[in-house]
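The next block holds one structure in the form of structure tokens; read it before the comments.
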Amino acid sequence: MKPAHSLTLGLVSSAALALVLTACGGGSGGGAGFVPVAVAPPPPAVPEEPVDDRPTDPVAEAPDTSFDTYYNVCRGTDPKCYNDWGAFATTPDRVLIYSRTAGPRHANLGTPMGTGLNPVMNPDNVMQAGLVRMLKDAGITADWTEDVAVLGSRINNYKAVIFASSNRDTLWNGSVATSNDAARTALRNYMRRGGGFVGLHNAFGAEYNWPYYEGLLGNANFYNHGPNRSGDVEIIADDPSTVDLPKRFTFQDEWYNLAPFPTNVKFLAKVDTSTLKPLTSPPHPGHADFHPVAWCQYYDGGRAWLSTLGHNDHSFSASSTGPGADQFQKLVVQGVKSAMGLTPFCT
């Protein structure tokens with residue numbers, strides 16, 4: 001027998017159901033009061049996009065072009081090619097001018113000097129004396145030599161070495177029985193410890209048979225030149241070595257043709273070839289489309305600042321009336337300072 005409270009709950013529920021049916025027209029009284037309600041069907045199911053769970057290939061990185069497999073060095077404009085070992089942290093602001101020639105000698109180099117460090121200069125050593133003066137005015141001490149043994153033994157004492165139209169086998173020492181190439185080894189190790197190299201004019205006519213040196217020049221070398229003539233230099237890059245220079249100035253030089261042509265460097269200045277009359281001297285066709293005259297690069301741990309300009313006496317003379325002499329001298333001094341690390345380099 002069910003408990004009383006369960007029976008009561010059941011009766012109440014039945015009565016409530018009867019009231020609902022009556023209100024909706026239910027029961028035996030017919031369907032006069034029933035209003036059917038339309039129920040919308042559910043929307044069709046949207047198929048899910050298939051999930052591609054296949055592994056994806058990693059994003060390819062840009063190839064690293066800073067290592068030159070031909071010269072077997074890191075070179076170019078990336079500072080990672082510089083060996084910041086602190087080797088020159090306590091070195092005075094001093095440079096070495098090296099002007100030994102083992103072939104044709106430019107007139108502005110004058111009479112060959114004696115051996116040793118800082119030999120007596122001759123009155124016609126115009127390029128060397130001009131560099132000493134220019135750098136002194138900028139607060140930089142310059143020593144000079146044409147002695148390959150001095151270069152090989154003392155190069156690490158300087159924040160930069162300037163090859164001032166030193167040409168042909170300038171680093172070969174034929175006066176010793178062994179280690180004839182000691183100066184080459186010294187220059188290479190100097191660059192690897194973070195040294196600074198500045199090459200001017202016929203420094204591009206040196207060490208043709210040593211590929212490392214050609215790379216130091218920016219994968220470039222002198223081939224030939226036209227007559228000594230005027231042309232307009234154009235500054236084409238913002239750089240510490242070009243700061244405060246006019247964007248264009250007239251200059252006089254031989255305008256070296258190059259083979260090979262420099263690559264993977266920062267070009268700083270070029271000559272407007274439309275101002276060269278003539279453009280070139282055969283058989284080289286010249287560089288009508290783009291003829292650079294100054295550039296920079298990191299090389300094998302060191303810094304290299306380079307210019308093919310510097311043929312004439314008046315380009316190195318004080319208070320010169322030669323075309324563009326003041327601008328050229330400013331360019332060279334600022335290039336030397338950047339190679340020394342006194343200002344940012346090749347930025």
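A donor-acceptor contact closer than 3.5 angstrom links the side chains of Asn312 and Asn228. Between the side chains of Asp326 and Ser320, no donor-acceptor pair is found at a separation under 3.5 Å. With hydrogens and angles left out, the side-chain atoms of Asn180 and Asn173 include no donor and acceptor closer than 3.5 Å. Side-chain contact of Gln329 with Arg133: a donor-acceptor pair under 3.5 Å is present, judged by distance alone. Counting only N and O atoms by type, the side chains of Ser66 and Asp78 include no donor and acceptor under 3.5 Å apart. Side chains of Asp232 and Thr250: a donor on one and an acceptor on the other come within 3.5 Å. Side chains of Trp305 and Ser241: a donor on one and an acceptor on the other come within 3.5 Å. Side-chain N/O atoms of Asn202 and Tyr256 include a donor and acceptor closer than 3.5 Å. There is a side-chain donor-acceptor pair under 3.5 Å between Asn219 and Thr263.
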Quick one: do Thr145 and Leu96 satisfy side chain to side chain contact (heavy atoms under 4.5 Å, CB included)? Show the steps, please. CA-CA 8 Å; Thr145 190; Leu96 180 64; 4.0 Å; yes
Evaluate Leu217 against Phe204 for side chain to side chain contact (heavy atoms under 4.5 Å, CB included), listing each step before the verdict. CA-CA 7 Å; Leu217 298 179; Phe204 282 84; 3.8 Å; yes
Step by step, work out the side chain to side chain contact (heavy atoms under 4.5 Å, CB included) result for Leu342 and Ile140. CA-CA 10 Å; Leu342 302 184; Ile140 299 167; 4.2 Å; yes
Can you list the steps and then say if Leu171 with Asp181 is a side chain to side chain contact (heavy atoms under 4.5 Å, CB included)? CA-CA 7 Å; Leu171 296 175; Asp181 62 349; over 6 Å; no
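A centroid separation of less than 6.0 Å is found between the aromatic rings of Phe88 and Tyr190. With ring centers used as reference points, Phe328 lies under 6.0 Å from Phe316. Taking the six-membered ring where the residue is Trp, the centroids of Phe261 and Tyr223 are separated by 6.0 Å or more.
Between Ile97 and Ala142 the shortest heavy-atom distance is CD1-CB, 3.9 Å. Of all non-hydrogen atoms in Val333 and Ala138, the two that sit nearest each other are CG1-CB, 3.7 Å. Summarising the geometry of Val198 relative to Ala339, their closest heavy-atom pair is CG2-CB, 3.8 Å, with the distance given to 0.1 Å. Between Ser317 and Val126, the shortest heavy-atom contact is OG-CG1, 4.2 Å. Between Phe267 and Pro292 the shortest heavy-atom distance is CD2-CB, 3.5 Å. Nearest heavy atom pair, residue Leu131 against residue Ala164, reads CD1-CB, 4.0 Å.
Residues Asp238 and Lys247 are paired through a salt bridge, judged by an N-O separation under 4.0 Å between the basic side chain and the carboxylate. Taking 4.0 Å as the cut-off between side-chain N and carboxylate O, Glu207 and Arg168 do not count as a salt-bridged pair. Under a 4.0 Å N-O distance rule, the pair Asp300/Arg188 does not qualify as a salt bridge. Under 4.0 Å is where a charged nitrogen must lie from a carboxylate oxygen, and between Arg94 and Asp143 at least one such pair does. One finds a salt bridge joining Asp272 and Arg248 here, because a Lys/Arg side-chain nitrogen approaches an Asp/Glu carboxylate oxygen to under 4.0 Å.
Within the 4.5 Å cutoff, no side-chain heavy atoms of Phe345 are placed close to those of Pro240. The closest side-chain heavy-atom distance from Val233 to Lys270 is not below 4.5 Å. Between Arg303 and Cys296, every side-chain heavy-atom pair lies at or beyond the 4.5 Å cut-off. Looking at Glu254 and Pro227, their side chains never come closer than 4.5 Å, going by heavy atoms from C-beta outward. With a 4.5 Å cut-off on side-chain heavy atoms, Val336 and Val95 count as touching. The side-chain heavy atoms of Val148 and Thr170, taken from C-beta on, include no pair separated by under 4.5 Å. For the pair Trp210/Leu187, a side-chain contact is recorded, criterion being any heavy-atom separation below 4.5 Å from C-beta on. Side-chain contact between Asp93 and Met340 is present, with heavy atoms from C-beta onward closer than 4.5 Å.
With Tyr213 as the aromatic partner, Arg184 does not meet the cation-pi criteria of under 6.0 angstrom to the ring centre and within 45 degrees of the ring axis.
No side-chain donor-acceptor contact under 3.5 Å links Asn122 to the backbone of Asp124. A side-chain donor-acceptor contact under 3.5 Å links Asp147 to the backbone of Gly116. A donor-acceptor pair under 3.5 Å links the side-chain atoms of Arg229 to the main chain of Leu279, judged by distance alone. Judged by distance alone, the side chain of Asp68 and the main-chain N or O of Cys74 form no donor-acceptor pair under 3.5 Å. Checking side-chain atoms of Glu146 against main-chain N and O of Arg100 turns up no donor-acceptor pair under 3.5 Å. Formation of a donor-acceptor pair under 3.5 Å by the Asn83 side chain with backbone atoms of Arg192 is found in this model. At least one donor-acceptor pair closer than 3.5 Å links the side chain of Lys277 to the backbone N or O of Ser274. The closest donor-acceptor contact from the side chain of His311 to the backbone of Asp253 lies at 3.5 Å or more, if one exists at all. Side chain of His106 to main chain of Asn108: no donor-acceptor pair is present (N/O by atom type, distance under 3.5 Å, no hydrogens or angles). Side chain of Gln128 to main chain of Leu109: a donor-acceptor pair is present (N/O by atom type, distance under 3.5 Å, no hydrogens or angles).
There is no path of hydrophobic side-chain contacts, each under 4.5 Å, that joins Trp144 to Leu151. Taking hydrophobic clusters as Ile, Leu, Val, Met, Phe, Trp and Tyr residues chained together by side-chain heavy-atom distances below 4.5 Å, Met127 shares a cluster with Leu309. Under the 4.5 Å side-chain heavy-atom criterion for Ile, Leu, Val, Met, Phe, Trp and Tyr, Val150 and Val120 are members of distinct hydrophobic clusters. Tyr98 and Leu135 are assigned to two separate hydrophobic clusters, defined by single-linkage of ILVMFWY side chains at heavy-atom distances under 4.5 Å. Hydrophobic clustering places Val265 together with Phe290 (ILVMFWY residues linked when any side-chain heavy atoms are closer than 4.5 Å, directly or through intermediates).
When each of Tyr71, Phe197, Tyr299 is checked for a ring-ring contact (aromatic ring centres under 6.0 Å, His included) with Tyr212, only Tyr299 meets the rule.
Among residues two or more places apart in sequence or in another chain, the side chain to side chain donor-acceptor pair (under 3.5 Å) test is passed with His314 by Gln252. In terms of the side chain to side chain donor-acceptor pair (under 3.5 Å) criterion, Thr321 has no residue partners (sequence neighbours excluded).
For the atom pair CD of Glu234 and CG of Leu268, the computed distance is 14.0 Å after rounding to the nearest 0.5 Å. Within the model, atoms OG1 of Thr308 and CG of Asn221 stand 12.0 Å from one another, a figure rounded to the nearest 0.5 Å. Note: Gln327 CD to Ile235 CD1 = 9.5 Å, rounded to the nearest 0.5 Å.
Residue pairs meeting the side-chain hydrogen bond (donor to acceptor under 3.5 Å, both in side chains) criterion with at least one partner in residues 285-298, sequence neighbours excluded, are Arg75-Gln297.
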